[in-house]
Amino acid sequence: MKSEQRFQGVAVSPGIVRGLAYIYRPDEELPPRRSIKEADADGEIARLHDALGNTRRQIIELHDKVKASLGASDAEIFEAHLMVVEDGVLIEEVQKTIRRDLCNAEHAFQIVAQRYAKSLAALEDPYFRERAADIHDIARRITRNLLGKTTTTLADIKSPHIVLAHNLSPSDTAQIDRNIVLGFCTEVGGKTSHTAIMARSLNIPAIVGLHQILAVENGADILIDGYSGLLIVHPTDATLFQYGELQHSKAKVEQQLNELRETDSTTRDGTHIILSANIEQPGDIAQAAASGAQGVGLFRTEFLYLSGTTLPTEEEQFAAYCQVAAAARPHAVIIRTLDLGGDKLHATLHPVAEENPFLGWRAIRVCLERTDIFKTQLRAILRASTCGSIKLMFPMISGIAELRTAKRILEECRAELREEKIPFDEKMEVGIMIEVPSAAIIADLLAKEVDFFSLGTNDLVQYTIAADRGNEHIAHLYEPTHPAVLRLIKMTVSAAHAADIWVGVCGEMGGDITLTPLLIGLGIDEISCGSAVLPRVKRAVRSLDAAACRRLAADALDCDSGSTILARSEAVARAHYGELF
Ligand code: PEP
Ligand code: MG
């Protein structure tokens, strides 16, 4: 009988699940350097050529498979990979490095490949930048062949498990099949990292910020409590009994929440709050509708880009947006244009790591430079606006010039479609996310140019406090109720209302029922949150008095401490819907 072990982390997605542990270790980036003797250099070079030969065979196999199933254009990427494997200059360089530095082949290959990729990525021409991504991909494959390893991805897990990993990238989570991955735990990450957001959207329990969990044995019997952030390895009978009871009482509350589906999200004193859902994939719309959402307040379109190796075409995007718009009728869908960068890196667009990705080439900044990608998406969104009611929203706007350029490019797309006689909704509303402090501060200027604002509090909090949203070490500083954040929200709401436009919250603050009293008090018109938490938010809205919430917010704006503001909002929340905690 093994003894029970407990690990405490940060709960990011609620639920309780028991299952077998799957320790997920995606490939290490840089293989360790091993010194070799001069006499062994020929042997290392022979190993290199064996690995190149194996890699070549694998690529040809993959190419043929993809060509047969998806067509020649999807298979093209492998032709580019073959060119890397057959690049005489690169191979010569690796051989030289082995002889000169007297190091192992995998290390030499990685060093040379990284140097190549870096210089390609620095070039203006997008074609060469894409080649940099190919070099990274291929370098990983060759390294695995040198090390005699096979590729592992989450898609390789064949039976239901709970995944334990150091980290999961958004492209890892984009591959999760919720019938197979019952829940996950990671060593790094924060509550508003995209991995955590994805877990909530998949409605699977998840915990982040758990230390030393990779020492748990593969296949161990584990239980995760996504309410309190507890991972329990080898739970005892007493623990299992206790969790059985907890699950039972949670199920009862869920049942009562389900009954709210058809009701209105209006406070007791008659203030209507539009309650809409955040979705990450077109397929999420069914769950959004089932949760009783009044449409979609944020469709994060990045996941269309992260789940494949090539960028989605206009037709593919049109199909996805049209499907969502049609399913959401009569309600609206707010489609956010591409927000890649930060912690959502695309192999092609971000082949080389940036020093400060969250302050770097992200979201609208990528789109304004890669207008080819941007226009493809804008055309698809415009065309889909005839399938239902669509609004469009630009992320990460930091100033007026950026917004005007984005609107000009949108206008170009409209003109093209008119010319091509392709119908679209001429009156489609255009809004922006307020998630950069500079945008909140000039909200009065921005409000004149758009139809609505949506506060992206996940980023607004991180940028205001300079606390990385995905870094568990500074999670205590990441405070949504920080007085500075509250003031920025208030400024945004006042500017919006003065210009007669509405303002919503689509960051994770919207789904946190502890903060619902504060948001209503600050004058928020719309809350968009994950479908899984939406019925709870509706119950919260229906239990509260807007007038009392306004008094709470006025006091909060006078208060100097984030933790006191949080405690006051929580006290109001617990007094009105304590059973939800
Ligand atoms: C936000 O920043 O609050 C937001 C909704 O956008 P994302 O989480 O995708 O950055
Ligand atoms: Mg954001």
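For this chain, numbers begin at 1 and follow the sequence in order. First listed ligand is number 1; within each ligand, the first listed atom is number 1.
Close approach of ligand 1 to Cys506 is summarised as follows: ligand atoms under 4.0 Å from at least one heavy atom of the residue are 5 (C). Of all atoms in ligand 1, numbered sequentially from 1 with element shown, those under 4.0 Å from a heavy atom of Arg362 are 10 (O). Listed by number with element, the atoms of ligand 1 under 4.0 angstrom from any heavy atom of Ile197 are 8 (O). Each of the atoms 4 (C), 5 (C), 6 (O) of ligand 1 lies under 4.0 Å from some heavy atom of Met433. If you number the atoms of ligand 1 from 1 as listed, the ones under 4.0 Å from a heavy atom of Lys344 come out as 9 (O). Those atoms of ligand 1 with a heavy atom of Gly456 less than 4.0 angstrom away are 1 (C), 2 (O), 3 (O). Those atoms of ligand 1 that come under 4.0 Å of a heavy atom in Asp459, given as number and element, are 1 (C), 2 (O), 3 (O), 10 (O).
A donor-acceptor contact shorter than 3.5 Å links the side chain of Arg200 to the backbone of Val12. Side-chain atoms of His272 come within 3.5 Å of backbone N or O of Ser265 as a donor-acceptor pair. A side-chain donor-acceptor contact under 3.5 Å links Glu472 to the backbone of Gly189. A donor-acceptor pair under 3.5 Å is absent between the side-chain atoms of Glu508 and the main chain of Gly456, judged by distance alone. When atom types are taken as modelled, the side chain of Glu526 and the backbone of Ser276 share no donor-acceptor pair closer than 3.5 angstrom.
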inquiry  = Assess the residue pair Ser561 and Ser563 against the criterion (side chain to side chain donor-acceptor pair (under 3.5 Å)); give the C-alpha distance rounded to whole Å, side-chain angles, the decisive distance to 0.1 Å, and a yes or no.
reply    = CA-CA 5 Å; Ser561 147; Ser563 52; 3.2 Å; yes

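More than 12 heavy-atom neighbours from other residues, nucleotides or ligands sit within 6.0 angstrom of CZ on Arg261.
In terms of polar-atom proximity, Glu508 is not counted as a contact of ligand 1, lacking any N or O under 3.5 Å from an N or O of the ligand.
Of all the N, O or S atoms in Glu435, the one closest to the Mg ion (ligand 2) is OE1. Summary: OD2 is the N/O/S atom of Asp459 found nearest to the Mg ion (ligand 2).
For the ligand labelled ligand 1, residue Glu302 lies outside the 4.0 Å heavy-atom shell. A heavy-atom separation below 4.0 Å is not found between Met509 and ligand 1. Residue-ligand proximity: Met393 is placed with every non-hydrogen atom at 4.0 Å or more from ligand 1.
Among the candidates Ile213, Val10, Val208, the single residue satisfying the side chain to side chain contact (heavy atoms under 4.5 Å, CB included) test with Thr186 is Val208.
Only the side chain of His194 comes within 4.0 Å of ligand 1, counting heavy atoms alone; its backbone N, CA, C and O stay farther away. The proximity of Leu298 to ligand 1, defined as any non-hydrogen pair under 4.0 Å, is limited to the side chain. With a 4.0 Å cut-off on non-hydrogen atoms, Thr192 does not touch ligand 1 at all.
Within the cation-pi definition used here (under 6.0 Å to the ring centroid, within 45° of the axis), Arg383 qualifies as a partner of Phe318. The cationic atom of Arg336 (NZ for Lys, CZ for Arg) does not lie both less than 6.0 Å from the six-membered ring centre of Phe299 and within 45° of the ring axis.
Protein heavy atom nearest atom 6 (O) of ligand 1, with residue, atom name and distance: Arg336 NH1, 2.9 Å.
Residue Asp339 does not count as close to the Mg ion (ligand 2), with no N, O or S atom under 2.8 Å.
Using cut-offs of 30° and 60° on the angle between ring planes, the pair Tyr463 and Phe358 is perpendicular.
Across all their heavy atoms, Cys506 and Asn278 have their closest contact at O-ND2, 3.1 Å.
Of the options Arg300, Glu280, Arg469, Met396, the smallest heavy-atom separation from atom 5 (C) of ligand 1 is shown by Arg300.
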